[in-house]
Structures are given as structure tokens and as C-alpha cells.
2 protein chains.
Amino acid sequence: MLKLAILGFLRDFPLHGYDLKNRVAALAGHVRPIADGTLYPTIKKLEEAGCLTRRTAPGSVAAPRHMLEITQEGTDQLRRWLRNPEPGFITDDNKWYLVLAFLHHLENPREQAIVLARRREFLDQPTQLFYDEDGRPVPPDRLDSPFRKGLMQIHRSVGLNEIEWLERQMADLNRRAGYTAGTS
Amino acid sequence: MLKLAILGFLRDFPLHGYDLKNRVAALAGHVRPIADGTLYPTIKKLEEAGCLTRRTAPGSVAAPRHMLEITQEGTDQLRRWLRNPEPGFITDDNKWYLVLAFLHHLENPREQAIVLARRREFLDQPTQLFYDEDGRPVPPDRLDSPFRKGLMQIHRSVGLNEIEWLERQMADLNRRAGYTAGTS
DNA sequence: GTCTTTTACCTCGGTGTCGATATATCTTGT
DNA sequence: ACAAGATATATCGACACCGAGGTAAAAGAC
């Protein structure tokens, strides 16, 4: 999850750790701070895996920075993650938003459309959140708790909203993929 | 996170592990399966902490079950978590939905309203997801990636939707809290 | 009769993230 | 001169969760 975000941001332009931290915080979960104890070891691992290189530069304001740059290896890894996201990245909203934030790094519109289709497929299946004592599904209007009612209502409208957008986006991507195929 | 879900479900009625697993899976992240290796150790820990008791019962279909029942201690713990959720449970959508799913176990409408207010406060602050190379915020219409545009658009409409619901719900709760105060 | 599937429970090792803690640099206020 | 605060990087122990693996009991298929 963090690795995807780091490589995704570095693919745009080189950054140092502190900057990355703020950008990831703003994006992930929307403004959940990411701990130092998570970020720096993760950067180290990515460096050891050859996904990024670091270059010490004087700090613009304070202490010296390590400017991080993505490598070809790192770009390949990023694309692999985006091209074929693990199930959690499709079903977990926060993780899915991360995929969406970096999906433009996957240059082929056909591949992008496939990922969107997977999310669409997931959103399509009806969600049943609650069951009664005997395991029977409980429809929203039969729920005692107003909070559970609201939860299901919000969840539903959010899904419809995103499906609509996905639909438009996929149509657009497929059109562009068609042109590309026609001209090749 | 899992602990909250377990105690929350058990507060409704006693369940066995396997049943819990399916209910949590349906609710958390909407239908993300929860691993056995997570569930059973967590149950064990909750039992050791005195939050629940177990009672072996013959399985209705197959192997014998451990029926789990919440204790007073467990109920107290659940209420503490709900009354004062950690920051992540307010800002992380999946975790927040969990809080919402069990908020009815907090019996005081005033306390419920306080929790909703914290979420509202969080949603109220304008979210800036992306920044350019120099650290300047990038508005949606200046984004190159259609996916990032969509992300911001979806994010915004989802937020407005939920704020509207929160508003209605809080008004209702405060009205009820007022009645209670008046009759006491 | 045995074989597979479903129900049901459990352990162990590995990974990802957090929170506390530490250190160094530069700017600004006093 | 010195303290405070923002910038910047790093380590360590703890905890939650996962995935692979294993056990067992009953139902139904062949």
C-alpha cells in the first residue's frame, strides 16, 4: 500500500522523504498522517530492491535531504502493481483510491479499462451488510438502528455514483483503445 | 478494528466463530474475507481479557461450535471504544463504517451525537489531494489525469452526501437528547 | 464403503504499520 | 547567547493481520 504510493509519486517527479510523507498523508485515507517509523524503513526496502536511488542534497530550509528517484526497475514494479492489483486494492475503498491516483502511469488505455472493469464488477454485486440471528439477510427498512440504515443508504448512493463515473470513463478509454488499434 | 466488530456483533446476540467470520467479512470493507489466523487468536485474546465467555455446543450441521457470549466487561470495553473512537476510526472510511454499524450500542443519544459531530468536523475540512512539484495545491480542473479528476469528484460528492445525512441524524439525536433532559 | 465438500476450530511464521525515541540543521524570536 | 520550532532522517519494540498449513466431524455423492 505505502510502496505503491511512494513509487507512484516518485514516477511523477523526484521527491525527498519528508515531502513524500506529506503527499501520502494527504492522499491516503484523506489526510491520515503516515508514521516516520513506516515511511523510512519502507524507502530503505525499496532502495534495496533497486526500485529507487537516493542522492543527498542540501536541505532548502533545514537539514540535508535524500532526494529519491525512481528507477526503471521501480517503474516496472509500479506498473505490475497497477496492471494487476491484488483483490484488496479493488475492494478496499482507501486502497482503490490509491490505485486510481496512479492509474495514469499505466500508459495503455486498454489496461486501464481492465482495472476499472474489475472495480465495476465488484461494485455491481449487491452488498448485504447485515443478517439476523438465523442468518437471514436484513433489508435496510427492517433495521432497528438508524445508523445502520444510514450506513446502507450512504453505501448505496456512493456505489451508484462511482459506477456512473466508471461507465463514462470506460467508454472513453475503450474508444481511445479502438483508435489506437485502428491506426496500428 | 476486528475486536470492535466482534464485540459489536456479540452485543446483538451470541455467535460462534465461524458465524462471526462471515458477518465481519460482509461488513468490513464490504465483503473482504477475514482470515482464520486473525479471527481465532483475536477471540482468544478477548476471552483472556474477560470480554467474552465461550460455551461448547453441538454443531447444527457439522463439527461442534464454541458459542461466544459478551460479558459486562466486554460491553464496557465496546462502549468505551464507541464513545471515544481513536482518530483512525473517524478518518478511515472502512473503520468509520464499523463505528456506525455499532453506534446503537451506545445508548445515550448525546454521546452518539458527539461521535457523529467528530466525523462531521473531519468531513468539513476541505480535502486537497494533490500538489505540484513546488508544493502548490492542484485544483481538480488542472489535473492531467482523468482518474485523479474522477477521484476528487467522487470524493467530493460522497462527502457532501454523508454530511447531509449526518446533519439530519444529529438534529434528530439532539432533539431526543433534549426530551430526555426535559423529562428527567 | 470411501471420497469430497462444508462446517468448524486452531497454530505458526512473516509482513506492514504504529508510536516512542533519538539526532541533526537551520530560522526566528527574545 | 540561547531557546523554540520547523525541517529532515532514522531505529526499535509492539501489535494487527495475513496466508499456509493442520485437525476434526458430519452430509451427501458415487
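Per chain, numbering begins at 1; letters A, B, ... match sequence-line order.
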Q: Check salt bridge (Lys or Arg N to Asp or Glu O under 4.0 Å) between B/Glu107 and all other residues, then give those that pass, not counting sequence neighbours.
A: B/Arg79
Q: According to side-chain hydrogen bond (donor to acceptor under 3.5 Å, both in side chains), who are the partners of A/Glu133, at least two apart in sequence or on a separate chain?
A: none
Q: Collect all protein-nucleotide pairs involving nucleotides 11-18 of chain C in which both atoms are nitrogen or oxygen and the distance is under 3.5 Å.
A:
from, atom 1, to, atom 2, distance (Å)
C/dT11, OP1, B/Lys44, NZ, 3.0
C/dC18, OP2, A/Ala35, N, 3.4
C/dC18, OP2, A/Thr38, OG1, 2.8
C/dC18, N4, A/Gly37, O, 3.4

Q: Starting at NE2 of B/His16 and ending at P of C/dC10, how long is that distance when rounded to a whole Å?
A: 13 Å
Q: Is B/Arg65 close enough to C/dT6 that one of its side-chain N or O atoms is under 4.0 Å from OP1 or OP2 there?
A: no
Q: How many Å lie between CG on B/Asp19 and P on C/dT6, as a whole number?
A: 18 Å
Q: Does A/Glu69 have any salt bridge (Lys or Arg N to Asp or Glu O under 4.0 Å) partners at least two apart in sequence or in another chain, and if so, which?
A: A/Arg55
Q: With sequence neighbours excluded, tell me which residues meet side-chain contact (heavy atoms from CB on, under 4.5 Å) with A/Ile163.
A: A/Arg120, A/Leu123, A/Asp124, A/Glu167
Q: With sequence neighbours excluded, tell me which residues meet ring-ring contact (aromatic ring centres under 6.0 Å, His included) with B/Tyr18.
A: none
Q: List for me each residue that meets salt bridge (Lys or Arg N to Asp or Glu O under 4.0 Å) alongside B/Arg54, sequence neighbours excluded, and say none if there are none.
A: B/Glu47
Q: Can you give me the first and the last nucleotide of DNA chain D (5' to 3') that has an atom within less than 4.0 angstrom of a non-hydrogen atom in chain A?
A: D/dT7 to D/dC12
Q: Check B/Asp12 with A/Arg148, please: is the shortest side-chain N to carboxylate O separation under 4.0 Å?
A: yes
Q: Using the salt bridge (Lys or Arg N to Asp or Glu O under 4.0 Å) criterion, which residues pair with A/Lys21? Sequence neighbours excluded.
A: A/Asp36
